[in-house]
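Not measured: the values here are computed from a predicted model. Letters go in sequence order (proteins before strands), and every chain restarts at 1.
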There are 2 protein chains.
Amino acid sequence: MSKSKTELSASLEDYLEAIFLIAEEKGAARPKDIADRLDVRAASVTGALKTLAEKALVNYAPYDIVTLTATGKRIAKEIVRKHSALLRFFSNVLDIPRKEADEFACKMEHSIPDHVLERFIGFAEFVEKCPNSGAIWQNKAKGYFCKAQGSNQTLCDQCSLSE
Amino acid sequence: MSKSKTELSASLEDYLEAIFLIAEEKGAARPKDIADRLDVRAASVTGALKTLAEKALVNYAPYDIVTLTATGKRIAKEIVRKHSALLRFFSNVLDIPRKEADEFACKMEHSIPDHVLERFIGFAEFVEKCPNSGAIWQNKAKGYFCKAQGSNQTLCDQCSLSE
DNA sequence: ACGAAAAGTTAGGTGCAGCTAAATTACTTC
DNA sequence: GAAGTAATTTAGCTGCACCTAACTTTTCGT
């Protein structure tokens, strides 16, 4: 028995995620698509697919189209969820440019504990839903982060940042 | 010339950081201390030290004490700065338990872009310094994250979360 | 339907970062 | 100062994740 333990490396998680997203976009995932998306060579994809097949996360047959098993799909969705949540936080709360936010989310998604993820999500929801605190926050944050465009207006009247 | 490019792996950055912190705590870093701190075997430390010495980041001589070069120290401080900033954010803003916050900071510190780091820092400063928005935020956050201890009081009167 | 081009696979290689086991050096302590 | 113990290093191995080069299979255009 070869480690049925579902402990995936960051790399294998990337493959799973890529397969899932490609399948969503264009129906089915072919090795070439995966290679392009992950910016690796086709040979590397073959290797990864074999490993994932051993773990029963993808259905793989040589020269055939790649699909996720039920388990594989479940795990892929988990990863996508993390990615999306992080992206949302970086974009909406920290106001990081999309591309950069996406890249960093990609790195973090493999190591973030569930527990911490929930906090990120809660935080983003709070900032988005709370028009008072959220708005103050975002404006202050931008003013603070980017003094160039900073107006002097004090949105938060008790705030020591409004010097 | 063997890659004077200062592109360090996450692993090597961990060694650098460990050496720096050990040196701060107890004056000098010995391989054993490093091994204990990073939870690797002594033999692995020797290997890493040789690599770091090649890159002129540590002063290494067999059986001698390990010190950082000026460059090594500069880089180590950068890493520590990132680690501290992330830890602060996770602890003070997201209210993650210390240990977990520390572990996750340890993973993120190697891949976070400067740009993003500054946002985290600004965010933490804002929440800490702004007694109005900050306090509302934190209380709502706790209430939101942890319904078990959630009182019904509405700190933010325009907030749609206070249902 | 056949031949070229594209896609996929295989075989074998690299670098990294860890490991064990065995040898060496340094440190105690009597 | 000799002996035992602890620390360190060396040598060689493993697994991972990528790569290139060469081969095989599939697909497509005419």
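Two residues, B:L49 and A:V40, neighbour DNA chain D, and the one matched to the more 5' nucleotide by heavy-atom proximity is B:L49. If B:K32 and A:D39 are placed on DNA chain D by their nearest nucleotide, the residue sitting closer to the 5' end is B:K32.
A:E7 places its CD atom 15 Å from the C1' atom of D:dG15, with the value rounded to the nearest Å. Atom CG of B:D64 and atom P of C:dA26 are 10 Å apart (whole Å). The interatomic distance linking B:L12 (CG) with C:dG15 (C1') rounds to 12 Å, in whole Å. Per the geometry, OH belonging to B:Y60 stands 13 Å off P belonging to C:dT25, to the nearest Å. What separates CG of B:L38 from P of C:dA17 is a distance of 13 Å, to the nearest Å. Taking atom CG of residue A:L16 and atom C1' of nucleotide D:dA17, one finds them 16 Å apart after rounding to whole Å. If you measure from atom CD1 of A:I34 to atom P of C:dT9, you get 9 Å, rounded to the nearest angstrom. With rounding to whole Å, A:D14 atom CG is found 16 Å from D:dC16 atom P.
Aromatic ring pairs are classed by plane angle as parallel below 30°, tilted from 30° to 60° and perpendicular above 60°; the pair B:F89 and B:F123 is perpendicular.
Under 4.0 Å is where a charged nitrogen must lie from a carboxylate oxygen, and between B:E118 and B:R81 at least one such pair does.
In this structure, A:K50 does not reach the C:dT9 phosphate: none of its side-chain N or O atoms is under 4.0 Å from OP1 or OP2. OP1 or OP2 of C:dG18 has at least one side-chain nitrogen or oxygen of B:Y15 nearer than 4.0 Å. Residue A:S11 places none of its side-chain N or O atoms closer than 4.0 Å to OP1 or OP2 of D:dC16.
For the side chain to side chain contact (heavy atoms under 4.5 Å, CB included) with B:D33, the lone residue among B:L38, B:V45, B:I22 that qualifies is B:I22. Partner of B:V58 under the side chain to side chain contact (heavy atoms under 4.5 Å, CB included) criterion, out of B:T71, B:T67, B:V66, B:T51: B:V66 alone.
In terms of the side-chain contact (heavy atoms from CB on, under 4.5 Å) criterion, residue partners of A:D36 (sequence neighbours excluded) are, by chain and number, A:K32.
Note on A:T46: a base of the nucleic acid sits closer than 4.0 angstrom, heavy atoms only. Residue-level contact check: B:T51 touches neither bases nor backbone, having no heavy atom under 4.0 Å from any strand.
No side-chain donor-acceptor contact under 3.5 Å links A:S44 to the backbone of A:V40. At least one donor-acceptor pair under 3.5 Å links the side chain of A:T69 to the backbone N or O of A:A56.
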Nucleotide N/O of nucleotides 20-24 of chain D paired with protein N/O under 3.5 Å:
from, atom 1, to, atom 2, distance (Å)
D:dT20, OP2, A:R41, NE, 3.1

